[in-house]
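Nothing here was measured: the structure is a model prediction, and the numbers come from that model.
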Amino acid sequence: MTTIIPFKILSIGGEGFHLMLKIYINGKSARVIVDTGASKTVFDKKRIRKYVTEKKFSTHDKLSIGLGTNKLKSQFTILKKLEIGNLKISDYTTVLMDLSHVNRSYQQLGLKQIEGVLGSDILLEYNAVIDYEKKIVKLKYKKSL
């Protein structure tokens, strides 16, 4: 099956563009940007608290690389239900990082803050196709029984 998710193109102050789409975490709406260069989908460790009941997060053993720096401490948690269009992922283990620098930049540009970054782990697993003309992301998945 294929799900189609519309996205908005955000101008980031003459520095380029970000693709923002709406997903659902445990039934609550969340904004994420698409980053094909991000190896893993990550969520902001403070903003994720409104989506999960567990408020203590496990420490990630490895330092994460990217998002404007080369060494970021991270944590992880399990999201009971992650919905991207019609795609429903249960018990998704995700990395949590401090994305406050991204959200500060968004705030200065008058943009809404984001909860996370949709990375290549999901984009690759679900054979993502980004159609800039139609402003949609397509994900392919097997129908669960």
Side-chain angles (χ1 to χ4, degrees), residues 1-12 15-103 105-107 109 111-145:
M1 297 191 72
T2 300
T3 189
I4 296 173
I5 309 101
F7 63 79
K8 292 182 181 178
I9 298 175
L10 306 176
S11 176
I12 53 169
E15 297 294 319
F17 302 92
H18 284 172
L19 309 182
M20 191 277 299
L21 50 90
K22 184 175 14 173
I23 65 169
Y24 291 86
I25 303 168
N26 296 329
K28 296 178 184 175
S29 174
R31 286 175 303 281
V32 296
I33 55 174
V34 177
D35 187 347
T36 60
S39 59
K40 190 93 169 102
T41 296
V42 300
F43 291 94
D44 183 75
K45 66 182 182 179
K46 291 180 184 166
R47 295 183 66 84
I48 198 68
R49 294 180 187 279
K50 69 181 181 180
Y51 299 92
V52 296
T53 53
E54 179 63 44
K55 304 298 185 210
K56 286 185 106 178
F57 305 123
S58 302
T59 301
H60 202 271
D61 290 340
K62 300 176 184 174
L63 289 176
S64 297
I65 297 172
L67 293 169
T69 183
N70 61 357
K71 293 180 183 177
L72 296 169
K73 290 183 181 179
S74 62
Q75 298 172 303
F76 68 93
T77 193
I78 297 172
L79 302 178
K80 293 290 181 202
K81 187 163 76 170
L82 180 62
E83 296 174 73
I84 308 168
N86 293 327
L87 172 65
K88 293 173 177 48
I89 304 170
S90 298
D91 299 321
Y92 177 71
T93 301
T94 189
V95 175
L96 304 174
M97 298 173 69
D98 181 2
L99 299 180
S100 61
H101 62 291
V102 175
N103 280 319
S105 296
Y106 269 44
Q107 198 169 26
L109 293 169
L111 300 172
K112 291 183 179 178
Q113 294 186 357
I114 60 163
E115 277 67 48
V117 175
L118 184 65
S120 289
D121 59 331
I122 289 177
L123 298 172
L124 182 62
E125 182 172 348
Y126 296 101
N127 299 304
V129 174
I130 300 171
D131 186 328
Y132 286 90
E133 183 178 9
K134 294 180 182 175
K135 295 184 178 88
I136 58 171
V137 174
K138 293 181 186 179
L139 299 175
K140 295 178 187 176
Y141 62 97
K142 295 178 183 174
K143 187 176 181 178
S144 59
L145 301 175

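- Nearest approach of K112 to Y106, heavy atoms of both residues: O-CD2, 3.1 Å.
- Considering V117, V32, T77, L99 in turn, V32 is the only one that fulfils the side-chain contact (heavy atoms from CB on, under 4.5 Å) rule with F43.
- Here the closest non-hydrogen pair linking V42 and M97 is CG1-SD, 3.8 Å.
- With T41 as the partner, the side-chain hydrogen bond (donor to acceptor under 3.5 Å, both in side chains) test is satisfied by one option alone out of D35, T93, T94, D121: D121.
- Remark: side-chain polar atoms of K28 are paired, donor with acceptor, to backbone N or O of K50 under 3.5 angstrom.
- At a threshold of 4.5 Å between non-hydrogen side-chain atoms, the residues D44 and D98 count as touching.
- The shortest heavy-atom contact between V137 and A128 is CG1-CB, 4.5 Å.
- Note that the OG1 atom of T3 and the CD atom of E83 stand 10.0 Å from one another [nearest 0.5 Å].
- Here the shortest heavy-atom pairing between S74 and V95 reads CB-CG1, 3.6 Å.
- Across all non-hydrogen atoms, the minimal contact from I130 to V34 is CD1-CG1, 4.1 Å.
- Residue pairs that meet the side chain to side chain donor-acceptor pair (under 3.5 Å) test with at least one member in residues 122-135, sequence neighbours left out, do not exist here.
- To the nearest 0.5 Å, atom CD of residue Q113 and atom OG of residue S100 are 9.5 Å apart.
- Interatomic distance, CG of L109 versus OG of S11, reported as 8.0 Å (0.5 Å rounding).
- Looking at Y141 and N86, their side chains come closer than 4.5 Å, going by heavy atoms from C-beta outward.
- Using a 4.5 Å cut-off on side-chain heavy atoms (C-beta onward), I122 and I89 make contact.
- Counting only heavy atoms from C-beta outward, the side chains of L82 and I23 approach each other to under 4.5 Å.
- Here CG of L19 is found 12.5 Å from CD1 of I136. Values are rounded to the nearest 0.5 Å.
- Proximity of L79 to V52: side-chain heavy atoms (C-beta onward) are separated by under 4.5 Å at one or more points.
- The shortest distance between side-chain heavy atoms of R31 and R47 falls below 4.5 Å.
- Minimum heavy-atom separation, I25 to A30: CD1-CB, 3.8 Å.
- For the atom pair CG of L111 and CD1 of I33, the computed distance is 10.5 Å after rounding to the nearest 0.5 Å.
- We find the NZ-OH distance between K81 and Y51 to be 14.5 Å, quoted to the nearest 0.5 Å.
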